[in-house]
Amino acid sequence: MNISRSFLVIGSLYLLVGISLGSYMGGSGDHTLAPVHAHINLLGFTLMTVFGLAYRVIPGLADGMLAKAHFWLHQIGALVLLIGLFLMMSGQVAEETIGPMFPVAELAVLLGAVLWAVNLFRTVR
Ligand code: HEM
Ligand code: HEM
């Protein structure tokens, strides 16, 4: 698997969803989902694009288990977090039902970020 390409391509899909939701909010005047929109764009597009570019330009960063584990933790964590946030903030699922999933998803993103940092410390000179 090409981690850089996967981050970049998946990030571009988040951008399409994020812009679409932003346009919908702008058009409708209903900004209820602004935090969902913000984090689709930031956690989805922006971070994934930064990761994708870094894995491409920093020699050795994409090699090994740290990069792979970071990729999957970020993908699963971000997806669960953003879908959960959307369902909760659009009123489709009660907070009590979906609430317990958030800490798990957040932990996945956080753990991914820890691996990313460890990998950087070890690889970048
Ligand atoms: C055509 C593209 C976009 C449209 C139409 C759009 C539209 C909006 C709208 C209507 C809001 C709600 C504003 C409010 O309630 O105060 C918003 C919030 C926000 N947008 Fe976008 N947006 C777009 C692209 C982006 C992109 C590309 C990013 C980041 C990379 C982004 C980041 C944010 C953030 C962080 C907020 C929350 C701001 C806050 O809570 O103060 N947006 N956007
Ligand atoms: C697991 C990851 C993250 C969690 C759990 C999280 C959680 C939150 C929460 C609870 C808020 C307050 C929302 C509100 O008051 O309505 C917030 C706001 C914000 N976060 Fe995050 N965040 C995460 C990642 C990020 C990242 C990676 C970025 C930027 C690259 C970011 C940028 C922002 C910004 C700009 C706001 C203010 C805009 C808004 O109120 O919608 N966040 N975040």
Side-chain angles (χ1 to χ4, degrees):
M1 184 184 68
N2 184 325
I3 289 178
S4 166
R5 181 181 188 278
S6 302
F7 263 132
L8 289 169
V9 169
I10 296 171
S12 78
L13 300 180
Y14 277 98
L15 179 63
L16 297 181
V17 178
I19 289 178
S20 302
L21 185 52
S23 305
Y24 165 76
M25 291 192 306
S28 66
D30 180 358
H31 296 181
T32 313
L33 296 177
V36 185
H37 157 80
H39 289 85
I40 288 174
N41 277 317
L42 295 170
L43 204 54
F45 165 67
T46 311
L47 268 200
M48 288 194 204
T49 301
V50 170
F51 292 147
L53 291 176
Y55 280 119
R56 185 152 296 240
V57 300
I58 299 174
L61 195 67
D63 305 338
M65 281 311 292
L66 284 177
K68 259 201 193 79
H70 170 223
F71 176 80
W72 285 111
L73 284 166
H74 191 84
Q75 292 309 326
I76 293 165
L79 191 65
V80 171
L81 196 68
L82 294 171
I83 290 178
L85 206 56
F86 173 79
L87 292 174
M88 188 183 81
M89 296 203 76
S90 60
Q92 298 183 59
V93 177
E95 191 174 347
E96 301 78 54
T97 312
I98 199 118
M101 299 204 23
F102 290 124
V104 180
E106 285 161 15
L107 202 65
V109 173
L110 180 63
L111 192 60
V114 170
L115 299 184
W116 158 251
V118 170
N119 197 5
L120 280 178
F121 275 101
R122 281 171 41 161
T123 312
V124 181
R125 319 201 168 269

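Please read all numbers here as calculations on a predicted model, not as lab measurements.
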Seminar exercise, completed: So CG of Leu115 and CZ of Arg122: to nearest 0.5 Å the spacing works out to 10.0 Å
Exercise. Would you say Leu33 and Leu42 are hydrophobically clustered, going by side-chain heavy atoms of ILVMFWY under 4.5 Å?
Worked result: no
Exercise. Do you know the tightest heavy-atom contact between Ala108 and Gly77?
Worked result: CB-CA, 3.9 Å
Problem set entry | Qualifying residue, where the test is side chain to side chain contact (heavy atoms under 4.5 Å, CB included) with Ile98 and the options are Val80, Val93, Leu85, Ile83 | Val93
Exercise. Knowing that exactly one of Leu61, Leu73, Leu111 qualifies, which makes a side chain to side chain contact (heavy atoms under 4.5 Å, CB included) with Trp116?
Worked result: Leu61
Problem set entry | Heavy-atom closest contact (Met89 atom, Pro35 atom, distance) | CE-CG, 4.0 Å
Problem set entry | Approximate separation, where rounding is to 0.5 Å, of Thr123 OG1 and Asp63 CG | 8.5 Å
Problem set entry | Heavy-atom side-chain proximity of Ile58 to Leu120 below 4.5 angstrom | yes
For this session: May I have the step-by-step check of side chain to side chain contact (heavy atoms under 4.5 Å, CB included) for His39 and Leu81, ending in yes or no?
Result: CA-CA 9 Å; His39 289 85; Leu81 196 68; over 6 Å; no
Seminar exercise, completed: Distance col, row Met65:CE vs Asn119:CG, nearest 0.5 angstrom, shows 11.5 Å
Exercise. With the 4.5 Å side-chain cut-off for hydrophobic clustering, are Ile10 and Met1 part of the same group?
Worked result: yes
Exercise. Who passes ring-ring contact (aromatic ring centres under 6.0 Å, His included) against Phe71, sequence neighbours left out?
Worked result: Phe7
Exercise. Atom CD in Gln92, atom OG1 in Thr97: separation rounded to 0.5 Å?
Worked result: 12.5 Å
For this session: Would you kindly confirm whether Val17 and Tyr24 end up in one hydrophobic cluster when ILVMFWY residues are joined by side chain heavy atoms under 4.5 Å apart?
Result: yes
Exercise. Is Leu79 linked to Ile3 within one hydrophobic cluster, defined over Ile, Leu, Val, Met, Phe, Trp and Tyr using a side-chain heavy-atom separation of less than 4.5 Å?
Worked result: yes
For this session: Give a yes or no on whether the backbone of Gly52 and the side-chain of Ser4 come within a donor-acceptor separation of less than 3.5 Å.
Result: yes
For this session: Determine whether Leu47 and Val118 fall in the same hydrophobic cluster, where Ile, Leu, Val, Met, Phe, Trp and Tyr are linked whenever their side-chain heavy atoms lie under 4.5 Å apart.
Result: no
For this session: Kindly compute the distance separating CZ (Phe102) from CG (Leu107), expressed to the nearest 0.5 Å.
Result: 15.0 Å
Exercise. Under a 4.5 Å cut-off applied to non-hydrogen side-chain atoms, are Tyr14 and Leu82 in contact?
Worked result: yes
Seminar exercise, completed: Here the pair of heavy atoms bringing Val104 nearest to Pro100 is CG2-O, 3.8 Å
Problem set entry | Side-chain donor/acceptor of His74 to backbone N/O of Leu43, under 3.5 Å | yes
Exercise. Can you check whether Leu66's main-chain N or O pairs, donor with acceptor, with His70's side chain at less than 3.5 Å?
Worked result: no
Seminar exercise, completed: Rounded to the nearest 0.5 angstrom, the CE-CG distance for Met48 and Leu53 is 13.5 Å
